[in-house]
Amino acid sequence: MIPQTIQRKLIFFKKLKRKVVVLIAFLTDWGLKSHYVGVAKAVMKQINPKVDIVDITHEIEPFNVRQASHVLYRASLDFPTNTVFLVVVDYGVGTARKAIVMKTKNGQIYVGPDNGVFTVVAEEYGVQELREIANRDLFYKKDPSFTFHGRDIFAPVAAHIEMGTPLESVGPRLLYYEALRIKKPSMIGDHLEGEVAVVDTFGNVSTNIPFGLLVGLGVEYDDTVRVKIGKKEYKASVAKAFGDVEPGELLVHPDSAGFLEIAVNLGNAAELLQVSEGEEVEVWR
Amino acid sequence: MIPQTIQRKLIFFKKLKRKVVVLIAFLTDWGLKSHYVGVAKAVMKQINPKVDIVDITHEIEPFNVRQASHVLYRASLDFPTNTVFLVVVDYGVGTARKAIVMKTKNGQIYVGPDNGVFTVVAEEYGVQELREIANRDLFYKKDPSFTFHGRDIFAPVAAHIEMGTPLESVGPRLLYYEALRIKKPSMIGDHLEGEVAVVDTFGNVSTNIPFGLLVGLGVEYDDTVRVKIGKKEYKASVAKAFGDVEPGELLVHPDSAGFLEIAVNLGNAAELLQVSEGEEVEVWR
Amino acid sequence: MIPQTIQRKLIFFKKLKRKVVVLIAFLTDWGLKSHYVGVAKAVMKQINPKVDIVDITHEIEPFNVRQASHVLYRASLDFPTNTVFLVVVDYGVGTARKAIVMKTKNGQIYVGPDNGVFTVVAEEYGVQELREIANRDLFYKKDPSFTFHGRDIFAPVAAHIEMGTPLESVGPRLLYYEALRIKKPSMIGDHLEGEVAVVDTFGNVSTNIPFGLLVGLGVEYDDTVRVKIGKKEYKASVAKAFGDVEPGELLVHPDSAGFLEIAVNLGNAAELLQVSEGEEVEVWR
């Protein structure tokens with residue numbers, strides 16, 4: 001679906017060579033007001049004092065698994081191949097939802113709840129290995145709390161994997177994972193379809209439609225396209241950068257991960273279009 | 001008061017053995033908008049370039065020493081025994097309030113202003129050693145600013161202690177520290193009393209009442225209890241996890257630190273109950 | 001202009017001696033909701049797995065180059081001499097604005113867009129070397145995105161410089177950098193002039209006027225001064241610390257970087273004065 005990302009990964013392997021970087025990339029909806037992020041890090045540092053943790057963000061909208069799934073994939077594109085992703089957006093903590101570890105075909109490892117949060121990375125990279133977290137020796141306490149699996153299960157399992165614990169010792173293989181229903185990006189006749197993936201701090205509206213698909217419509221930079229969201233329709237310039245259009249003007253452009261993004265130069269596109277994540281988007285020439 | 005935490009600490013010591021982890025755990029009300037947190041870290045890294053700093057949170061409500069005191073204790077439960085806690089919630093900076101170092105009986109060390117912020121850790125762990133910070137050789141500048149003791153006094157003293165500076169060289173012993181008046185958790189006849197300790201990002205209302213005290217009332221999971229806050233009274237189910245009750249329903253359950261927490265499944269209990277930190281709470285069977 | 005900072009730096013050099021600390025200090029307007037900060041760190045860690053990154057803040061008001069320029073200078077005072085500052089407040093990304101590296105005469109190095117964000121550090125420290133970033137071998141990808149130069153250009157260039165890449169290999173020398181128009185602090189007859197530099201989380205209003213200039217007016221602690229902002233005028237006590245005046249009372253005092261700050265004891269001065277950054281300020285005896 002997005003050939004340029006595969007190419008990027010290949011370049012990546014060459015660059016790294018013998019310089020092995022093992023990071024834990026940490027993504028939650030816990031916010032930074034509570035002490036939860038800090039204690040999860042304290043738990044990991046007790047397993048490996050030298051563990052290197054990079055925060056992706058802790059401000060996923062509470063319980064918004066769809067947003068987390070898109071953000072996780074976008075972030076993952078710029079992390080090294082052997083990164084362990086600790087992802088806790090977990091509205092079902094304490095219920096029967098499984099705890100899983102997923103290794104994708106690009107060599108990255110994902111640790112978190114089985115609630116759909118890994119849908120996009122699984123679809124984009126392919127799943128190489130999937131296991132249920134079951135080995136209580138890897139837990140922070142053998143009897144974990146009912147409400148804080150992030151600290152008690154996911155963080156220590158991620159730290160043990162980063163230290164070299166093989167996946168087979170985490171728990172038994174699984175055949176299925178929970179997947180979100182996501183509007184797949186596609187070209188249908190003379191238009192493109194997809195969904196709003198991420199709205200960023202600036203109100204930029206990024207879709208899951210690869211920008212390169214515009215070529216199939218015969219669209220070039222400086223052309224105008226029509227963007228349909230719900231029952232509304234807008235005209236937007238196809239641009240390389242915000243500054244190519246006037247302040248306040250709508251544009252579509254390739255975002256930093258290669259997706260078609262709808263933005264307003266020096267303005268807030270999400271407010272202008274009254275659009276939110278998960279909404280379907282069409283782009284017509 | 002909370003036997004399960006003592007037990008946890010014992011397990012802790014065994015696990016650690018020779019793997020010494022020395023962290024600085026950092027807690028303030030400075031927010032992340034200002035550059036204050038960054039420069040305090042820069043000061044510590046000039047004393048020990050390898051210092052390992054874990055942020056607990058910097059979003060304590062400004063000047064809210066009571067909130068900080070409860071959050072500090074909860075976070076401390078998951079940090080290793082020799083952690084140095086740098087705590088700066090300091091409405092009285094530049095006045096006559098003392099600067100102190102407190103070593104608690106569990107082996108943790110606390111650095112900050114003597115304004116009550118260490119009340120809960122002192123009561124829960126017991127105080128082993130208490131000193132006034134007086135040795136200007138440990139300061140960032142011998143003449144510290146009047147308004148930023150976090151950078152000029154507390155951060156460098158914490159870094160020096162983490163590097164091995166003995167407490168006796170920090171300053172003279174003190175006999176007393178400032179303590180907040182906190183509604184102690186207790187069982188009185190057929191009900192429990194305590195106070196609201198922490199309201200988290202999700203609106204979960206955690207008290208300082210150990211969940212285990214419910215056993216003394218003869219209450220079991222799936223029973224219903226009455227929660228009294230101010231003049232209002234609510235019914236709540238006793239549950240292990242949010243998902244055990246219907247969405248929008250009130251529950252009491254053990255939070256991640258073992259305290260009785262009042263919550264709403266997929267909702268915001270603090271908004272529903274219009275409750276804030278420090279308010280007294282009663283739980284009746 | 002601010003002799004006390006120069007003196008501070010001299011003490012600094014002595015303290016450091018052979019203990020070399022090389023930090024990357026990271027300042028943006030990206031916020032912490034997006035994954036941008038995390039992926040920029042992932043890129044730097046792929047260049048140097050041991051790189052030590054200290055966040056100054058990522059909550060500069062979006063596109064507010066003036067705010068960033070003042071905050072950067074204030075933060076820089078407490079970072080070591082060989083720190084590499086990665087500064088991305090970049091409303092003009094993708095346009096013709098240059099990407100630059102600036103070495104100041106105090107030995108610090110600044111990496112970011114040429115849009116005025118380095119105005120204050122350049123004026124305060126003096127510029128020793130100025131280069132345009134041109135060497136694509138230092139980029140994350142040889143064809144950087146149009147919208148995320150923070151990840152694709154600035155972060156990797158900062159990491160390479162921190163690793164020892166000499167500035168001459170970054171790109172050709174420049175003779176000019178873009179400078180903001182800033183109301184220079186000065187004493188004119190019987191009053192001081194300057195501008196509001198930074199409003200912090202607590203609503204403290206810090207100016208770019210060195211507090212020491214008050215001496216020239218013959219003002220001493222406990223005197224009263226008149227503060228003029230726009231057409232309004234206020235009386236304020238000259239104090240060492242917030243606690244020296246009554247709660248709710250206005251004061252001027254030296255802030256943590258030695259500048260004249262307007263504050264309210266246990267209150268919010270920015271709200272009281274309805275003042276914002278960049279506004280001109282006068283102080284009369």
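Side chains included, hydrogens not; waters and symmetry mates left out as well; all remaining heavy atoms used. Each chain gets a letter, A, B and so on, in the order the sequences are listed, and its residues count up from 1.
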Please report the interatomic distance NE2(C:His35) to CG(A:Leu77), rounded to the nearest 0.5 Å. 8.0 Å
Looking at CD of C:Gln46 and OG1 of A:Thr81, how far apart are the two atoms once the value is rounded to the nearest 0.5 Å? 10.0 Å
Sidechain-backbone polar pair: C:Arg151 side chain, A:Asp78 backbone, donor-acceptor under 3.5 Å: no
At a 4.5 Å cut-off on heavy atoms, which part of [X] comes close to chain C: side chain, backbone, both, or neither?
{"X": "A:Leu72", "value": "neither"}
{"X": "A:Asn265", "value": "neither"}
{"X": "A:Asp200", "value": "both"}
{"X": "A:Val198", "value": "neither"}

Which one wins on heavy-atom pair count under 4.5 Å against chain C: A:Val71, A:Ile56, A:Asn204? A:Ile56
If you tally heavy-atom pairs under 4.5 Å against chain C, which of A:Thr57, A:Val54, A:Asp55 wins? A:Thr57
Where do [X] and [Y] come nearest, in terms of heavy atoms and distance?
{"X": "A:Phe79", "Y": "C:Gly38", "value": "CZ-O, 3.8 Å"}
{"X": "A:Leu266", "Y": "C:Tyr91", "value": "CD2-CB, 4.2 Å"}
{"X": "C:Thr147", "Y": "A:Asp255", "value": "OG1-C, 4.0 Å"}
{"X": "A:Phe202", "Y": "C:Trp30", "value": "CZ-CA, 4.2 Å"}

With a 4.5 angstrom heavy-atom cut-off, which part of C:Asp152 approaches chain A: side chain, backbone, both or neither? neither
Using a cut-off of 6.0 Å, state whether more than 12 heavy atoms not belonging to C:Lys33 lie near its atom NZ. yes
